[in-house]
Amino acid sequence: MSLLQSARQLVRRDAAVASADYQRLLDLTKGVILYVEGVTVSFDGFKALNNLSLYIPDGQLRCIIGANGAGKTTLMDVITGKTRPDTGQVYFGQVINLLELSEPEIAEIGIGRKFQKPSVFEPLSVFQNLELAMKADKSVWASLRTKLTGEQFDRIHQVLYTIGLTEQSEQLAGALSHGQKQWLEIGMLLISDPKLLLVDEPVAGMTAQETERTAELLKSLAGERSVVVVEHDMEFVRSLDAPVTVLHQGSVLAEGSMDEVQANQAVIEVYLGGAE
Amino acid sequence: MQNITSAAGSGWLGMRTRWDKPSVGLYVLLALAAIVVPICNLLIPENSALHISTYTVTLLGKYLCYALLALAVDVIWGYCGILSLGHGAFFALGGYAMGMYLMRQIGDRGMYANPLLPDFMVFLNWSELPWYWHGVNHFAFAMLLVFVVPGLLAYVFGSLAFRSRVTGVYLSIITQALTYALMLAFFRNAFGFGGNNGLTDFKDILGFNLQHDGTRIVLYLLSIAALVGGYALSRKIVTSKFGRVVIAIRDAESRARFMGYRVDHYKVWLFVFSALLAAVAGALYVPQVGIINPGEFSPLNSIEIVIWVAIGGRGTLYGAVIGALLVNYAKTWFTAAFPEVWLFALGALFVLVTLFLPKGIAGLLATKKQALTFLSGKKNDSQENESKKIAGENS
């Protein structure tokens with residue numbers, strides 16, 4: 001019997017990666033979940049990231065700001081495996097080398113990324129969107145036979161509550177407002193239980209009210225997991241009340257609280273064009 | 001671990017999914033057809049106005065096979081966005097497997113009275129049966145071939161195409177190429193399937209004379225059973241989590257892949273399921289029309305199936321059935337009354353439906369129902385039902 005089982009394990013190619021192994025490997029003894037060290041990425045000679053180093057402590061909410069072309073999106077791409085750096089190291093916890101993993105594998109081990117443009121499955125209901133995003137056996141046969149367990153049902157409702165879409169549970173995702181779609185997408189990331197959440201410009205195109213709720217949502221998410229927010233909107237970043245990293249021309253210009261960063265001479269020069 | 005159907009007391013809602021209104025309507029209609037037609041054919045005397053001729057029964061049986069074929073196309077096109085323009089190939093392969101069995105049943109009653117070789121082989125001066133014709137005289141083995149050959153082809157073809165991420169119009173083109181290549185192969189005499197004449201002159205099936213009214217009625221009833229079974233199975237699949245993954249793949253393939261779903265596996269298995277539906281339709285079609293020839297592989301036939309589905313309304317399952325039945329009825333009527341106009345009428349119908357009814361007849365029925373409930377002031381009611389229905393689909 002056990003021979004049969006191990007044989008099955010061997011020939012199973014449905015799951016992109018045996019996620020349990022990586023979960024065990026995630027070592028947070030130093031309290032740092034993400035190490036980015038000396039990363040350089042160049043596109044045809046242009047250095048999008050220039051010897052960039054960044055550390056995200058476990059459970060922290062961190063904002064990354066910077067002008068267009070400062071390298072924010074490239075940094076996200078490097079962490080999620082979309083872009084490979086020329087030099088440098090990226091580690092998830094103490095032992096997992098992210099540069100060795102493929103995009104889906106990185107998603108599987110607990111790094112979730114929310115893109116700028118909301119991409120939810122419009123013809124499915126909010127509930128169904130979350131159901132699909134949930135951690136589960138994602139093979140064909142399992143999907144054909146599966147029924148939601150009570151636990152999974154509760155988990156979906158918990159996430160619905162967190163993102164404030166309990167009332168819209170049965171609505172088609174296509175009928176949601178822009179802000180609601182963004183929250184649903186954050187929910188879809190949450191339900192897959194990421195340890196690190198990367199959020200790219202979450203409030204672009206949102207109303208003031210929606211922006212406020214998004215800030216609350218993101219603040220409530222930190223602690224259990226680490227959250228990295230990339231944003232242009234200074235008001236929004238201030239309202240998050242979190243440590244800020246300023247990027248400029250592919251490297252870190254300043255780091256600290258919003259007030260500290262705004263008082264920083266280098267930041268002022270860069271942002272005000274160094275006119276003084 | 002408690003099952004949610006019982007946990008939330010939504011067993012009743014779960015039932016609604018399988019027994020939603022259009023499906024029930026379709027089941028009732030088919031059940032009526034299964035009762036009324038045999039009575040009118042066998043029990044009511046021929047001179048009565050209520051008598052249904054055996055010719056009509058056979059015609060209806062043929063339409064039902066087409067409806068099953070349309071269902072097969074809707075499963076992949078409507079739910080997964082795979083536009084196959086070669087589904088006639090699987091239909092024809094199922095038909096040929098059945099045809100080979102029927103051919104061997106003729107025995108020495110053929111024109112050349114050869115007890116072993118079918119007529120066309122005698123005509124070609126073949127001295128012995130090709131290896132792949134052995135065993136098909138056993139009904140069970142032939143039925144196995146009906147499933148295995150199209151299923152295997154769909155699996156191999158699907159694996160190659162979906163693994164290398166061929167999508168959209170490129171996939172449509174290679175499905176056309178597939179059915180065209182098969183047509184050319186089957187046209188060749190040396191291929192061993194009767195060349196351009198195909199397989200015909202069938203005598204009996206499992207010992208029952210194919211020309212008898214009783215046999216015809218049984219085949220007709222089997223076609224209804226196959227359609228009901230195929231519909232129920234498809235419905236079960238598209239309302240499962242598998243179905244929701246497939247819809248997700250249709251709308252945002254890379255997003256679904258990024259979530260950890262092996263998109264190619266989902267597509268391949270759905271494609272195989274669809275091919276099997278088409279093959280069963282073909283196997284039931286052949287004994288009723290009495291012939292199978294390479295013309296069934298022609299790309300035009302496959303395109304016509306897509307038109308049935310588009311007219312009926314894709315992504316609904318029942319729309320495909322309605323579309324196939326209506327268009328084929330219209331075809332029978334037109335080709336008898338104005339034979340030269342038919343193709344223009346079909347073309348015009350397709351254009352009009354695409355322009356004015358993008359969701360087909362099924363979409364028309366749905367909006368009409370909405371308008372009616374709105375007029376009678378039950379709008380809130382129906383919305384509530386709608387949300388309940390979706391809740392049911394979740395469980």
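Computed from heavy atoms alone, side chains included, the values below leave out hydrogens, waters and symmetry copies. Given the structure is predicted, the values throughout are model-derived calculations rather than measurements. Numbered from 1 within each chain, the chains take letters A, B, ... in sequence-line order.
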Heavy-atom neighbours of A/Gln158 CD exceed 12 at 6.0 Å: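 Counting neighbours around CD of A/Gln158, more than 12 heavy atoms of other residues, nucleotides or ligands fall under 6.0 Å, so yes.
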
message: Can you tell me how far apart NE2 (B/His265) and NZ (A/Lys138) are? Round to the nearest 0.5 Å.
response: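 So the gap between those two atoms works out to 15.0 Å.
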
field: Distance in Å, B/Ser240 OG paired with A/Arg145 CZ, rounded so as to fall on 0.5 Å steps
entry: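 That separation rounds to 11.5 Å.
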
- prompt: At their closest point, which heavy atom of B/Met259 faces which heavy atom of A/Leu132, and how far apart are they?
  reply: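 In this case the closest contact between B/Met259 and A/Leu132 is CE-C, 4.2 Å.
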
field: Minimum heavy-atom distance B/Lys241-A/Asp137, with the two atoms named
entry: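 Closest approach of B/Lys241 to A/Asp137, heavy atoms only: NZ-O, 4.2 Å.
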
query: What part of A/Ala173 lies closer than 4.5 angstrom to a heavy atom of chain B: side chain, backbone, both or neither?
result: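 For A/Ala173, neither part sits under 4.5 Å from chain B.
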
task: Identify which part of A/Leu124 has an atom lying under 4.5 Å from any heavy atom of chain B, answering side chain, backbone, both or neither.
output: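 Contact with chain B involves the side chain of A/Leu124 alone.
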
Partner chain A: residue of B/Asp251, B/Val268, B/Leu270 with the largest heavy-atom pair count (under 4.5 Å):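 The option with the most such pairs is B/Asp251.
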
message: Quiz question: by atom type and distance under 3.5 Å, do the side chains of A/Ser143 and B/Tyr266 form a donor-acceptor pair?
response: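 Yes - a donor-acceptor pair under 3.5 Å links their side chains.
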
field: Exam field: side chain B/Arg255 to backbone A/Ser119, donor-acceptor pair closer than 3.5 Å
entry: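 At least one qualifying donor-acceptor pair exists.
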
